[in-house]
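Scroll down for the structure; my scribbles are underneath it.
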Amino acid sequence: MALWGRRSKYELPADWEATVGGSVAWWFDFTPEERARLRDLMVRLLGEKRWEAARGFDLTEEMRLVIAAQAALLVLELDFSAYRKVGNIIVHPTTIVLEGERASASAAGLATDEPMAILGQAAHEGGPIVLVWDETVRNARHPERGFNVVFHEFAHKIDMLDGVVDGTPPLATREQAQRWVEVCTKEFEDLRAGYGSDLLRDYAGVNAGEFFAVVTEVFFDRGADLRADRPDLYAVLADFYRQDPASRERATR
Ligand SMILES: [Zn+2]
């Protein structure tokens with residue numbers, strides 16, 4: 001479908017920045033120029049993507065703003081088309097428990113019917129992004145913990161741009177791609193072998209796609225720690241996202 005003529009009609013409320021700044025701890029770490037570009041990305045996310053509430057849930061404008069602000073950060077130095085695989089965004093109030101048989105997240109190729117609590121999902125290329133509001137706002141308020149469900153699920157959509165969820169987003173040059181695979185494969189194997197970075201939770205070892213999503217969370221939330229602990233990994237992420245969060249002045253910390 002052509003995007004031609006689908007210009008966003010969404011208009012931000014007058015107090016949008018106070019709302020975002022009230023919940024997103026890092027918002028004012030960015031310069032006015034960067035915040036203006038984040039705002040433009042938010043307008044597109046809010047106007048061009050389909051936002052849905054889980055049944056019975058009141059998805060407020062404040063919630064959508066706080067989610068969109070976080071999603072905008074990943075593509076601040078990329079193009080908005082990096083989100084062309086993002087369709088519906090479905091928001092639930094709190095942790096969702098999945099029931100019924102499905103592929104196991106912890107054992108590749110095995111099926112499971114254990115109930116599983118999830119905070120977000122972006123499982124299929126054409127499928128929705130599912131987010132849990134209480135976790136989403138907790139992550140926005142506490143980046144120092146290095147968990148961010150919005151970064152995680154939107155990173156999966158970026159990973160899907162080339163048609164496969166393999167932990168490798170589309171990279172500009174062959175050299176970049178080689179370096180990416182070399183560095184990420186080493187870190188992933190270290191993690192699987194039990195001596196990976198302490199900054200990366202075990203879930204990053206499930207598969208290469210989860211590795212990329214989890215590393216993205218840590219890169220944006222704890223960039224300085226990641227750079228100190230795993231400089232090569234930090235460098236390939238910085239190269240891809242074209243951002244250097246470790247060097248950003250932290251106005252709020
Ligand atoms: Zn994931």
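Numbering of ligands and ligand atoms starts at 1, following listing order.
Closest to the Zn ion (ligand 1) among the N, O or S atoms of E210 is OE1. Looking at H156, its N, O or S atom nearest to the Zn ion (ligand 1) turns out to be NE2. The Zn ion (ligand 1) is closest to atom NE2 of H152 (considering only N, O or S atoms).
Classification of the F212-F240 ring pair by plane angle, with boundaries at 30° and 60°, yields perpendicular.
Under 4.0 Å is where a charged nitrogen must lie from a carboxylate oxygen, and between D244 and R248 no such pair does.
For D202, the CG atom counts as loosely surrounded, since its 6.0 Å shell holds 12 or fewer non-hydrogen atoms of other residues, nucleotides or ligands.
The two atoms that bring G167 and W180 nearest to each other are O-NE1, 3.0 Å, heavy atoms only.
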